Structures are given as C-alpha cells and as structure tokens.
Amino acid sequence: MSETPSNTLQYRFDGPEEAPVLILGPSLGTTWHMWDRQIPELTKQWRVFRFDLPGHGGAPAYPAGSVSELATRLLATLEGLGVQRFGYAGCALGGAVGIELALRHPERLASLALIAASPRFGTADEFRQRGVIVRTNGLDPIARSAPERWFTGGFAAAQPAITEWAVQMVRTTDPGCYIASCEALASFDVRPELGRVGVPTLVLVGSDDQVTGPAEARTLVAGIPDARLAVVPGASHLVPVEQPGAVTDLLVRHFSTAWQPVFETSTGQNALPAAALKPVLSPAPPQPPQTGPVAEIAPLAVPPQAQGRPDPYDAGIKVRREVLGDAHVDRALAQADEFSGDFQEFITRYAWGEIWDRPGLDRRTRSCVTLTALVAGGHLDELAFHTRAALRNGLTPGEIKEVLLQAAVYCGVPAANSAFKVAQQVIREETTPQE
C-alpha cells in the first residue's frame with residue numbers, strides 16, 4: 001500500500017521482488033480488486049503492480065481529466081519506486097492508459113494487453129452526458145446500472161454477491177474524480193495513431209461486451225502492427241471478473257512469449273527503439289568539377305501565414321464541439337450551404353476560436369455570462385442549447401437557477417419567465433438517468 005501525493009497513484013505490489021514487473025490497470029468505476037482472481041497465477045512469474053484511479057477504492061480525490069495525465073501520474077509513481085521497464089495489461093480506461101504509454105513512452109513498455117478497450121470509447125457526447133448525470137444525481141444511478149453494462153445477465157443472476165460488490169465499487173467512488181475520468185474518455189481518440197504502437201499486443205474482449213465489444217477490438221487489431229485478438233465466450237465488459245480463468249491463461253501465455261527484452265544481450269546496454277527506416281536513394285551521377293563560385297542554398301522562406309498568429313478556426317471547432325457536443329455541431333455544419341456556410345465559419349473562428357478559447361475566464365463563468373445575455377436578448381432557441389452546454393461545462397441545475405434569478409432582476413421578469421420554461425425542460429432531459 002502507499003501514501004499518495006497528488007501527482008502519483010495509489011498502488012500495491014504482489015509477488016517476488018526480483019521478478020519482472022507486470023502492471024494491471026483498472027476500468028472506470030472499479031478498484032484494483034477487479035484483478036484479485038488473476039493474482040495467484042500471475043505472481044508465479046511476475047511482480048504484479050496494481051493501481052487505483054484517483055478517487056476510486058479510497059484513493060485520494062485528485063481528479064485527472066485526461067488519459068495523458070493518468071499515464072503521467074502512473075510513470076511518476078513508478079519512477080519513485082525505481083521501476084523502469086514493465087509489461088502492462090489494462091481494462092477499458094486502464095487499456096487507454098496502456099495505449100498512451102505505448103505511443104508516448106515506448107521505451108518503458110515490454111509488452112501490452114488491451115482488455116475491453118477501444119481507440120475511441122463511444123462518443124464524447126455520451127461521456128460528457130454521463131458527467132452531467134453524476135453532477136446532478138450523484139453516482140447512485142450509474143452504480144445501479146453497472147451490472148448490466150459489466151456482466152452478462154446469466155452471470156449477474158448467478159453471482160449476486162459479485163453483482164452487489166460491483167455496485168458498491170461505483171457507489172463509493174468520488175463523484176468529482178468519476179466525472180473527470182468521463183472527461184478523460186470523452187477526449188481520448190487515438191485512431192490515427194494506432195500504427196505507431198510498436199510493442200507486442202494482445203487484444204482481449206468478451207464476446208457479449210455491449211460497451212466496447214468485438215468490433216472495437218478488431219479496430220485495434222487492424223491498426224496495431226503486432227497485435228493478436230482473443231475473444232472470450234460468455235463474457236461481457238468486465239471480462240477479468242466474469243471469466244477469470246480464461247483471462248488469466250491468456251495473459252500468462254501472452255506475457256510469457258511476447259516480452260521485449262530491455263538489454264541487448266551481447267553488450268548489456270539499454271536497447272533503444274529502432275529509428276524509422278529512410279528510403280535509400282541511388283547515388284547521383286558524377287558531375288563535372290566546379291570552375292566558378294559554389295552556389296549556396298538559401299533558407300526556405302516562411303509562408304506568410306506561419307509568421308503571424310495561427311488561424312483560430314481549428315481551436316474554435318475543438319472548443320465548439322467540447323462545449324456544445326458533437327451531435328449539435330455536426331447538425332449545424334451539415335445544414336450549412338452556400339448561403340450559410342460563411343456564417344458557420346465565422347462563428348467557429350471568432351466566437352469559439354477567439355472568445356471562448358481565451359484564458360481569462362473559465363468555461364463555467366463564460367456559460368453564466370452567455371445565459372444571462374441570451375435571457376436579455378430573448379434568444380430562447382440559443383438558450384436551450386447553451387443550457388445543455390452549461391451543464392457540460394460543470395454548472396449544476398441549482399447554479400443555473402441562480403443565474404436565471406439574477407437575470408430576472410436585471411433583464412426583466414417576463415424574459416426570465418420564458419427562460420425558466422426553456423431551461424427547466426432541458427435540465428429534465430439532460431439530468432434524468434436513462435433506464
């Protein structure tokens with residue numbers, strides 16, 4: 001067990017100290033105990049390192065809002081323990097951390113197993129919506145629905161104690177850290193980068209996984225150059241818990257046979273990743289000797305657009321999607337034509353790239369200002385989707401109510417009355433858990 005600063009993770013070791021280190025990464029809403037039934041067999045060959053996500057399993061509640069930040073905290077934890085090289089197996093969000101390590105820190109990774117993982121988990125809108133549900137209702141609705149996401153119906157019915165354990169794991173998670181983990185999954189998308197994963201990889205998935213199922217697993221296998229697929233029958237999302245024997249056997253076989261050595265055997269020095277191959281050019285034909293002055297190659301001129309500020313459109317479309325959601329932005333862009341296309345480009349570049357992306361106010365504050373301005377102007381259509389945006393930006397229904405009450409004083413009661421009707425409907429839609 002460990003005492004945990006804010007830049008590291010809560011962890012535990014099992015197994016012999018002299019053995020190579022194998023890390024097991026957990027899924028969102030779980031603790032390191034999801035791997036308990038793998039430990040007896042894995043510790044015969046490896047020193048097994050397990051960690052908890054922030055705010056999970058009693059870990060200190062220091063939220064981490066990106067997969068990159070989770071990977072950084074994991075590496076900081078390992079640095080403090082003197083662990084340089086390791087194998088890694090991760091489930092779902094834990095698998096995303098494994099992909100991040102393989103892409104950004106390949107020299108640390110000896111082998112990789114991705115379980116119930118994906119290069120992109122659903123859509124950003126889905127996870128930000130889940131964050132709104134938790135912020136409004138707490139974790140109880142998510143906890144009650146966890147068994148149907150994690151296990152097959154037959155397993156949940158036959159194993160009530162494990163099912164209740166799963167519910168309690170989620171229920172005792174820190175809500176703020178759970179929301180931050182949802183944001184981490186919302187922003188995670190490495191589909192274009194899979195070809196750079198250079199370690200031997202096992203992709204393991206339950207045949208009945210409805211969250212990140214065989215289709216997502218095949219996407220990983222198709223994109224990662226040295227990847228193999230294993231489908232475990234009769235298992236859903238939390239396959240290490242539902243089919244522990246099958247998962248353990250697959251992990252043992254993979255890490256026993258696909259472990260890249262850290263040292264080059266003849267010299268004993270650290271092996272470095274191979275450099276990318278470069279095309280070999282045929283030698284140039286011989287040239288007559290120079291008789292005059294030798295020409296110098298002038299430096300390339302910098303394109304005019306690279307010398308000034310970057311075009312804010314790219315930042316604008318990113319912020320616009322994060323605040324309003326992919327579905328809303330996709331609809332707006334799809335409806336644009338020759339007449340309205342310039343306007344869509346204008347608001348993306350200037351409203352979202354210039355103003356919403358400024359560092360002077362956080363997004364919660366900008367949502368408060370925007371709601372008030374829309375009430376003052378009577379722009380109820382825009383008020384509806386900016387109420388959704390305010391929830392995604394972290395405002396609670398109670399805080400939105402206070403903004404509208406404040407607006408009633410300064411913008412007028414009739415305007416606020418209309419605004420309350422619009423906001424009330426949006427809040428009901430966005431904060432009611434889906435059964």
Side-chain angles (χ1 to χ4, degrees), residues 9 11-27 32 34-53 67 70-117 190 194 196-205 217 220-221 224-230 232 239-240 244-265 270-274:
L9 299 173
Y11 69 90
R12 67 174 290 166
F13 271 122
D14 296 280
E17 292 187 8
E18 69 278 4
V21 173
L22 175 60
I23 297 175
L24 302 179
S27 173
W32 64 42
M34 67 164 284
W35 297 103
D36 279 353
R37 296 176 72 181
Q38 279 72 46
I39 296 304
E41 191 65 30
L42 293 180
T43 51
K44 293 178 181 178
Q45 298 185 55
W46 295 281
R47 183 157 171 76
V48 176
F49 175 101
R50 288 182 283 172
F51 66 90
D52 277 328
L53 298 167
V67 173
L70 288 171
T72 298
R73 292 192 194 182
L74 175 58
L75 289 176
T77 307
L78 296 171
E79 291 286 350
L81 297 166
V83 176
Q84 295 300 315
R85 184 83 164 171
F86 49 84
Y88 185 96
C91 183
L93 177 53
V97 172
I99 299 173
E100 182 75 13
L101 292 170
L103 289 171
R104 320 298 170 210
H105 305 278
E107 74 285 354
R108 306 292 295 274
L109 208 55
S111 191
L112 178 64
L114 304 174
I115 302 166
V190 294
L194 288 179
R196 296 197 295 107
V197 175
V199 294
T201 303
L202 171 68
V203 178
L204 193 158
V205 65
L220 287 170
V221 172
I224 297 173
D226 186 9
R228 296 181 300 116
L229 175 65
V232 179
V239 59
V247 170
T248 303
D249 181 60
L250 287 164
L251 292 180
V252 168
R253 280 192 281 164
H254 174 67
F255 288 111
S256 297
T257 59
W259 189 281
Q260 292 182 340
V262 62
F263 294 109
E264 200 279 320
T265 54
N270 286 331
L272 297 176

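What you are looking at is a predicted structure, and each value in this text was computed from that prediction instead of being measured.
With sequence neighbours left out, Thr248 forms a side chain to side chain donor-acceptor pair (under 3.5 Å) with Gln38. Considering only residues two or more places apart in sequence or on other chains, Arg47 meets the side chain to side chain donor-acceptor pair (under 3.5 Å) condition with none of them. Asp52 pairs by the side chain to side chain donor-acceptor pair (under 3.5 Å) definition with Gln10, not counting sequence neighbours. A search for side chain to side chain contact (heavy atoms under 4.5 Å, CB included) contacts involving Pro200 returns Ser111, Asp226, His254, Ala258, Gln260, not counting sequence neighbours. By the side chain to side chain contact (heavy atoms under 4.5 Å, CB included) test, Ala217 is found to be paired with Val203, Val205, Leu229, residues two or more places apart in sequence or in another chain being considered.
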Between Leu109 and Phe86, does a side-chain contact (heavy atoms from CB on, under 4.5 Å) hold up when you go through it step by step? CA-CA 5 Å; Leu109 208 55; Phe86 49 84; 3.4 Å; yes
Practice item. Evaluate the criterion side-chain contact (heavy atoms from CB on, under 4.5 Å) for residue pair Leu70 and Leu93; output intermediate values, then yes/no. Key: CA-CA 10 Å; Leu70 288 171; Leu93 177 53; 4.1 Å; yes
### Message
Please determine whether side-chain contact (heavy atoms from CB on, under 4.5 Å) holds for the pair Phe49 and Leu78, giving the CA-CA distance in whole Å, both sets of side-chain angles, and the decisive distance to 0.1 Å.
### Response
CA-CA 10 Å; Phe49 175 101; Leu78 296 171; 3.9 Å; yes
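Between Thr201 atom OG1 and Leu112 atom CG the span is 4.5 Å, to the nearest 0.5 Å. Taking CG of Leu24 as the reference point, atom CD1 of Ile115 lies at 8.0 Å (rounded to 0.5 Å).
In this structure a side-chain-to-backbone donor-acceptor pair under 3.5 Å is present from Arg108 to Gln84.
Screening residues 88-103 for side-chain hydrogen bond (donor to acceptor under 3.5 Å, both in side chains) gives Glu100-Arg104 as the qualifying pairs, with residues at least two apart or on separate chains.
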